[in-house]
Amino acid sequence: METLRIKTMLYGLKQEQTSLLLQEQALWKDINTVTGTHLHTCAITDGSLDADLQRLRQRLDSPALSHPSLSSVMASRDASAWAWKAEKANALPQIALQGEYDKNGSIGHNYFAFGANVSIPLWNHNKGNIAAARARYDQSVLVVNQVLTKLRRQWENDYQQAVTWRDAVAAQSRHLSADLEKGIDAMETQMKHHNISVLEFVDYYGNYKDMKYQLLEAQAELLKAHEAIKYDLAE
């Protein structure tokens, strides 16, 4: 009976291993397709994460934010500002200067003439176009402020999540990871010396595997948080 149970558990572990390997291959295929690389491993160093967190903190503390997602809305705001100025300029008197020179004209030789034409808008002061341009400018300013507010909130949230996952993974690495490895090694030794049964070892291994999954999931969340920080720091 014990032999059958062990064989069943072993078969299940092999099936699970195969499924995980296939998932890993599919994920790496997607990553390499998107990035145009040929990566097969992924790692994160505390130093690079800490440096990126420091840079993001500096950006959050700065009154002026910069990000590619701001470029289009800020360009639209600037264009609206120039359009508004142009419409206001059209309401001002238009002055045109002209000059004329005729060497052998009917009036006399070397004839010079200068003139000025002033167009004063007595009735049409371009108020409608100015008001429309002002409204478009105010709307573009509102859009910029909304994007800035959204960016600042997103950056603050990404920063807090990255710090939380960094501290959690660091604490797990200092305490839990080492204890898990020592525990599984000790149980394996006990089994080899016939101090515990194979089934007891398999039961312990099940707990070890579940805890290991949780540790790996925490590291995966840390990688995702770091990628979000990198996106926030895009120039």
Side-chain angles (χ1 to χ4, degrees), residues 1-57 60 153-234:
M1 192 67 181
E2 286 191 4
T3 304
L4 178 60
R5 183 181 176 187
I6 293 171
K7 288 182 178 180
T8 302
M9 289 182 176
L10 182 60
Y11 177 76
L13 289 174
K14 288 183 178 180
Q15 289 292 102
E16 189 173 0
Q17 182 185 31
T18 302
S19 177
L20 290 173
L21 288 174
L22 291 175
Q23 291 180 26
E24 182 185 15
Q25 292 174 5
L27 289 172
W28 278 119
K29 179 181 177 182
D30 294 340
I31 291 174
N32 292 330
T33 299
V34 173
T35 60
T37 58
H38 300 282
L39 300 174
H40 297 286
T41 58
C42 182
I44 184 171
T45 59
D46 294 338
S48 63
L49 175 59
D50 291 339
D52 289 340
L53 284 173
Q54 184 178 4
R55 290 176 57 199
L56 183 58
R57 185 74 267 170
L60 285 169
R153 289 177 179 174
Q154 183 63 46
W155 291 2
E156 188 67 43
N157 181 66
D158 292 342
Y159 179 87
Q160 295 299 333
Q161 285 194 2
V163 170
T164 299
W165 284 115
R166 180 198 61 184
D167 295 343
V169 171
Q172 291 171 354
S173 299
R174 285 194 306 267
H175 306 293
L176 194 54
S177 296
D179 293 340
L180 277 176
E181 298 304 326
K182 290 179 181 179
I184 194 67
D185 292 340
M187 291 296 290
E188 183 179 1
T189 301
Q190 292 294 324
M191 181 189 66
K192 289 179 179 179
H193 288 84
H194 304 287
N195 294 326
I196 61 173
S197 66
V198 175
L199 290 180
E200 287 177 317
F201 174 79
V202 171
D203 290 338
Y204 182 86
Y205 177 78
N207 296 329
Y208 166 84
K209 182 186 67 174
D210 293 340
M211 186 59 64
K212 198 69 174 178
Y213 277 161
Q214 294 180 17
L215 294 177
L216 292 175
E217 286 176 357
Q219 293 177 6
E221 292 298 329
L222 179 58
L223 286 170
K224 293 177 183 178
H226 194 190
E227 288 303 314
I229 296 295
K230 289 182 179 179
Y231 175 79
D232 295 339
L233 291 174

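Only a predicted model underlies this, so the values are computations on that prediction, with no experimental measurement involved.
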Arg153 with Glu156: basic N within carboxylate O range, under 4.0 Å: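 No, Arg153 and Glu156 are not salt-bridged.
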
Between OH on residue Tyr208 and CD on residue Glu181, distance to nearest 0.5 Å: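 If I round to the nearest 0.5 Å, the distance is 3.5 Å.
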
Asp52 side, atom CG; Glu227 side, atom CD - distance, nearest 0.5 Å: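 Rounded to the nearest 0.5 Å, the CG-CD separation comes out at 9.5 Å.
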
Side-chain donor-acceptor pair present, Tyr231, Gln154, cut-off under 3.5 Å: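 No, no side-chain donor-acceptor contact under 3.5 Å.
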
Short side-chain donor-acceptor distance under 3.5 Å, Gln214 and Asp210: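 Short answer, no.
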
Any idea which heavy atoms bring [X] and [Y] closest together, and the distance?
| X | Y | answer |
| --- | --- | --- |
| Ala218 | Val169 | O-CG2, 3.7 Å |
| Ala162 | Ala225 | CA-CB, 3.8 Å |
| Lys212 | Leu180 | N-CD1, 4.4 Å |
| Leu53 | Arg166 | CD1-NH1, 3.7 Å |
| Trp165 | Glu221 | CE2-CB, 3.4 Å |

Worked check of side-chain hydrogen bond (donor to acceptor under 3.5 Å, both in side chains) between Gln190 and Tyr204: CA-CA 12 Å; Gln190 292 294 324; Tyr204 182 86; over 6 Å; no

Note, His226 side chain near Leu223 side chain (heavy atom, < 4.5 Å):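 Not in contact.
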
Any donor-acceptor pair under 3.5 Å from His193 side chain to Thr189 backbone: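 Answer holds: yes.
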
Gln160 backbone acceptor or donor facing Thr164 side chain under 3.5 Å: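 Checked: pair present.
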
Option from Leu233, Leu56, Ile229 for which side chain to side chain contact (heavy atoms under 4.5 Å, CB included) with Trp155 holds: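 Single pass found, and it is Leu56.
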
Worked check of side chain to side chain contact (heavy atoms under 4.5 Å, CB included) between Leu49 and Leu222: CA-CA 10 Å; Leu49 175 59; Leu222 179 58; 3.6 Å; yes

Worked check of side chain to side chain contact (heavy atoms under 4.5 Å, CB included) between Tyr205 and Glu200: CA-CA 9 Å; Tyr205 177 78; Glu200 287 177 317; over 6 Å; no

